[in-house]
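Heavy atoms only: backbone and side chains are in, while hydrogens, waters and symmetry mates are out. This is a predicted model, so every value here is computed, not measured.
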Amino acid sequence: MSRLRNWAASRKAIEIVEEDGVRVLQIGGKAIQSAMRLDAPGAIELDYVRAMMAFLLFCPEARDILMLGLGGGSMARFVHERMPDARVTVVEINPGVVTVARKYFQFPDEDERLRIVIAEGAAVVAERPGNSDVLVVDGFVDGKVAPSLCTPAFYEAAFAALRPHGVMVANFMADDGKLERHCARIEKAFGRPPALLLAEEQDNLIAFAFRGGPSRFAWAQLRERARETNARFGLRLEECLASLKQRNSGTARYLEP
């Protein structure tokens, strides 16, 4: 194991560690915020990031994606490189994180399809009604969801920020004692409960909340989209279907969040 850099930024220590050919980012603790395999920098390394990319099962042709929280930028970089019809805006509160992502994790410069906004995520969401097809919520403080990103007002603004048939993707720690409350707030704001997906290593629980769209999703269609996504991106989203079946209500034919 080698430590490339360790310094303080915005009161939180940022540490970059390398082990077994993988470079990881840690902010304010030992939890891994992002990871990049050095011999495959464009691939998605962490299981929870791959699980969040399962938004492609529900919104396969997203054009505008708003992400809250950058980390090493693996998800934003993947979308920017592999989905040429999509535009990505990433909101990051800590400019030091952006510097680290560019220096150590090959995060690209801004262009007409990629924009970085240094700001507080909830404030930006409230200013962008009807602006996004996908809203990715992945902002943490001391191992828990940032307080401003799990309030009733935030989820109401998130619903408003999405276009019809849009989806919010929210990352939670699976052992978060407030998960039930978070999901209840999402259900109230969106008018229906979120679909839940436990990431492969079972540390992260991903919630998918929908603005409009079908009240249920045919498993046959989800399987076909998973196969198509695997063929295009190699994301193995077929593996997510079993967790979706286990964590959500439905029938042999339909997922019914």
*Answer yes or no: does atom CZ of R227 have more than 12 heavy-atom neighbours from other residues, nucleotides or ligands under 6.0 Å?*
yes
*More than 12 foreign heavy atoms under 6.0 Å from CD of E201: is that the case here?*
no
*Compute whether any side-chain donor of one residue and acceptor of the other, for H165 and D133, lie under 3.5 angstrom apart.*
no
*asked:* Between S148 and E120, do the side chains contain a donor N or O and an acceptor N or O under 3.5 Å apart?
replied: yes
For the atom pair [atom1] ([X]) and [atom2] ([Y]), what is the distance rounded to the nearest 0.5 Å?
X    : Y    : atom1 : atom2 : result
R192 : E187 : CZ    : CD    : 10.5 Å
D176 : N171 : CG    : CG    : 10.5 Å
E18  : I16  : CD    : CD1   : 9.5 Å
M52  : C240 : CE    : SG    : 12.0 Å
R82  : M53  : CZ    : CE    : 9.0 Å
R247 : L255 : CZ    : CG    : 14.0 Å

*Give the ring-plane orientation class for F172 versus H182, where under 30° counts as parallel, over 60° as perpendicular and anything between as tilted.*
parallel
*With no hydrogens and no angle check, is any side-chain donor or acceptor of R23 less than 3.5 Å from a backbone partner on R37?*
no
*Keeping the roles fixed (side chain from W219, backbone from L241), state whether a donor-acceptor pair exists under 3.5 Å.*
no
_Go through it in stages, so that I can follow the logic: the residues are E180 and K178, the test is salt bridge (Lys or Arg N to Asp or Glu O under 4.0 Å), and I'd like the CA-CA distance, side-chain angles, deciding distance and then a yes or no._
CA-CA 6 Å; E180 187 174 341; K178 297 180 180 178; over 6 Å; no
Using the rule that Ile, Leu, Val, Met, Phe, Trp and Tyr join whenever any side-chain heavy atoms are under 4.5 Å apart, tell me whether [X] and [Y] fall into a single cluster.
X    : Y    : answer
L205 : V49  : no
V90  : I14  : yes
L135 : V124 : yes
F107 : V100 : yes

*Could you pull out all residues at least two apart from F208 that satisfy ring pair (Phe, Tyr, Trp, His ring centres under 6.0 Å)?*
F58
*Kindly indicate, with the supporting measurements, whether the criterion salt bridge (Lys or Arg N to Asp or Glu O under 4.0 Å) is fulfilled by R225 and E228.*
CA-CA 5 Å; R225 286 179 176 176; E228 292 173 354; over 6 Å; no
*Mark yes or no: R216 above the aromatic ring of Y254, with NZ or CZ under 6.0 Å from the six-membered ring centre and no more than 45 degrees from the axis.*
yes
*Using the ring of F159 (Phe, Tyr or Trp, six-membered ring only), decide whether R211 places NZ or CZ under 6.0 Å from its centre and within 45 degrees of its axis.*
yes
*Please report the C-alpha distance between R163 and D64 in whole Å, then the side-chain angles of each, then the deciding distance to 0.1 Å, and finally whether the salt bridge (Lys or Arg N to Asp or Glu O under 4.0 Å) criterion is met.*
CA-CA 10 Å; R163 294 172 180 147; D64 288 287; 2.9 Å; yes
